[in-house]
Amino acid sequence: MELELRNVTVSYSSAEKILDNFNLEVNKGLFFGITGKSGSGKTTLLETICGFHKPEMGQVLFNNQNIYEGKFDTVSFRKKVQMVFQFPENQFFETDIRKEIEFGIKNTTLSSEDLNRRVTETLQTVGLNDNETEELSPFALSGGQKRRLALACALVLQPEILLLDEPFSGLDNSGQNQIIKILQNIKTKGTTILMVSHDPNVLCEIADRIIVMNDGRIIKNEIPPIVYSDKQFCSQLGIGQPDTITAANLLDVNLNNDFTYENFITKLAEKLLLKNND
Amino acid sequence: MIDLTYQTGNSILHRTKPVIKFLGLIFCSVIVLLSKNLLCTLISVSLITILMVFANLSIKEVFSPLKKFFFFLIMIFLMNVLFTNSDECLYSYYFICISEKGIEQGYNIVLHTLTITVLSSVYIRTTTSIEIMKGIESAMQPLRVFNIPTKDIALIMSIALQFIPVFFNDIERIKKAQMARGANFNRGSFLDRIRSVIPLVIPAFISAFHRADELSIAIEARGFQSDKENT
Ligand SMILES: Nc1ncnc2c1ncn2[C@@H]1O[C@H](COP(=O)(O)OP(=O)(O)OP(=O)(O)O)[C@@H](O)[C@H]1O
Ligand SMILES: [Mg+2]
């Protein structure tokens with residue numbers, strides 16, 4: 001088990017429990033989508049995994065070591081577990097993009113050649129590698145580019161676990177698609193990803209498992225088809241359903257738990273053909 | 001910092017008129033500042049008790065904003081105790097002289113700061129920004145006679161009151177984000193430490209300017225007119 005939360009209870013100053021006896025096991029290389037109503041504790045969950053909220057009770061284990069224990073090596077942990085916060089563009093401060101990305105790895109033992117190569121690779125991964133863009137100040141980028149730069153700042157450390165808090169909020173469709181492509185790419189390299197999102201279409205497309213949260217607890221931890229096929233459950237918890245399911249329900253098409261657009265179109269075509277043959 | 005922003009509720013204090021609350025705050029603060037020692041202790045304890053009942057707050061909630069001041073208060077106390085000059089030292093060591101006068105002075109200053117902080121925090125927690133503004137404005141109404149732009153002053157004061165916790169919240173958030181990126185705020189030489197605040201300070205300023213910008217647009221959009229334009 002790469003990451004494990006055991007009976008974790010977290011609260012801010014008041015008595016209200018933001019995470020309530022929370023249990024989660026995360027295997028290496030999986031993509032977890034985290035969804036749930038506003039205020040259900042998703043951001044707090046990511047921050048707790050990242051080491052920012054010491055639980056009142058319970059443990060957060062990274063490779064079987066409690067990350068909140070006194071002797072735990074937080075500095076190297078921070079390099080292995082990277083979090084991209086919501087609206088990460090608020091955190092830039094360097095004069096150019098390369099420097100911004102270098103910030104996280106400056107203190108490692110890499111030689112300056114290796115460091116440069118790393119930065120270049122990362123710029124390629126996020127598609128900011130053309131000469132013109134590289135010259136720009138982080139503040140001169142467009143919204144979508146800023147978001148990709150923030151992602152690059154995390155990826156340059158080659159983290160084992162990547163935590164993403166609503167990486168699509170405020171992005172247009174093409175910005176969103178670019179990020180999705182990047183995420184699919186890093187997933188194939190074996191990075192474990194936990195992503196908070198409200199978009200059932202995206203989650204269905206890229207997540208291996210969906211975690212549905214409500215009032216600081218896990219209500220469901222399942223593969224996407226099982227979570228999203230229950231209409232009543234989805235509307236009760238305010239998590240929505242993928243467009244394909246909604247359309248399939250309207251047209252009375254049976255998707256057999258495969259919610260991709262391809263499958264939807266195929267099934268729809270089959271149905272229409274059957275109708276014509278009658 | 002959540003303790004220093006408005007908290008919805010329906011206690012008597014929430015429902016009291018904003019002017020009365022504001023004048024009450026000023027009045028109580030003056031009384032506390034004018035009294036000393038036992039009298040001040042009695043006044044402070046009773047004021048805080050009354051507040052707890054009226055605002056429906058627990059002891060923990062009343063004192064929670066002080067957590068961030070705690071170190072500061074202890075420092076004030078120690079400075080007074082250790083460095084107040086007096087002829088009668090209870091204990092002396094080189095230039096340090098612990099005297100009754102110093103202890104008394106330290107005690108009073110700490111008591112004053114503590115009580116006024118608690119009073120103000122309860123005020124902020126039970127009054128929305130709009131009410132704060134209205135309260136200050138009505139309380140200053142008499143000053144209009146002297147052609148003082150009370151409305152603008154009220155707006156500025158209420159923005160400042162609301163802005164401080166927001167600003168601290170921003171810094172807290174940025175600090176987390178930079179730490180997640182591998183920033184280290186408590187390591188290395190003196191120069192390293194100074195340099196390490198750059199990732200904090202620049203984004204904090206940018207976000208503060210951003211907020212100020214948005215705020216000024218919002219204020220205008222909501223139809224605020226300053227005193228000058230009114231006349
Ligand atoms: N710094 C803080 N201090 C006190 N309470 C907080 C703080 N941050 C969040 N909370 C509270 O914790 C609860 C969970 O917040 P959290 O941000 O984890 O929710 P979320 O699921 O990420 O919501 P959203 O979808 O809106 O981002 C909320 O009720 C919120 O008011
Ligand atoms: Mg959130």
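Every chain is numbered from 1 and lettered A, B, ... according to where its sequence line falls, protein lines coming before strand lines. Just so you know, these numbers use all the heavy atoms, side chains as well, and skip hydrogens, waters and symmetry mates.
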Open item on the list: Do A/Phe139 and B/Ile206 have side chains that approach each other closer than 4.5 Å (heavy atoms only, starting at C-beta)?
Closed with: yes
Open item on the list: Treating A/Gln82 as the side-chain partner and B/Arg181 as the backbone partner, does any N or O pair qualify as donor plus acceptor under 3.5 Å?
Closed with: no
Open item on the list: So does B/Pro203 get a backbone contact from the side chain of A/Gln91, meaning a donor-acceptor N/O pair under 3.5 Å?
Closed with: no
Open item on the list: Is A/Leu157 close to chain B through its backbone or its side chain, or both, or neither, when contacts mean heavy atoms under 4.5 Å?
Closed with: side chain
Open item on the list: Looking at B/Lys17, I want to see if its NZ is surrounded by more than 12 non-hydrogen atoms of other residues, nucleotides or ligands under 6.0 Å.
Closed with: no
Task: Exceeds 12 heavy-atom contacts within 6.0 angstrom, atom NZ of B/Lys36 - done: no
- [ ] Kindly check if the number of other-residue, nucleotide or ligand heavy atoms within 6.0 Å of NZ (B/Lys176) is above 12?
- [x] yes
Task: Working for side-chain contact (heavy atoms from CB on, under 4.5 Å), residues A/Glu94 and B/Ile202 - done: CA-CA 9 Å; A/Glu94 289 283 11; B/Ile202 294 180; over 6 Å; no
- [ ] For residues B/Arg173 and A/Asn90, determine if any side-chain heavy atom of one lies less than 4.5 Å from a side-chain heavy atom of the other.
- [x] yes
Task: A/Gln86, part contacting chain B, at a heavy-atom distance under 4.5 Å - done: neither
Open item on the list: Could you report the tightest heavy-atom contact between A/Phe85 and B/Ala180, atom names first, then the distance?
Closed with: CE1-CB, 3.7 Å
Open item on the list: Tell me if the NZ atom of B/Lys134 is crowded by more than 12 foreign heavy atoms within 6.0 Å.
Closed with: no
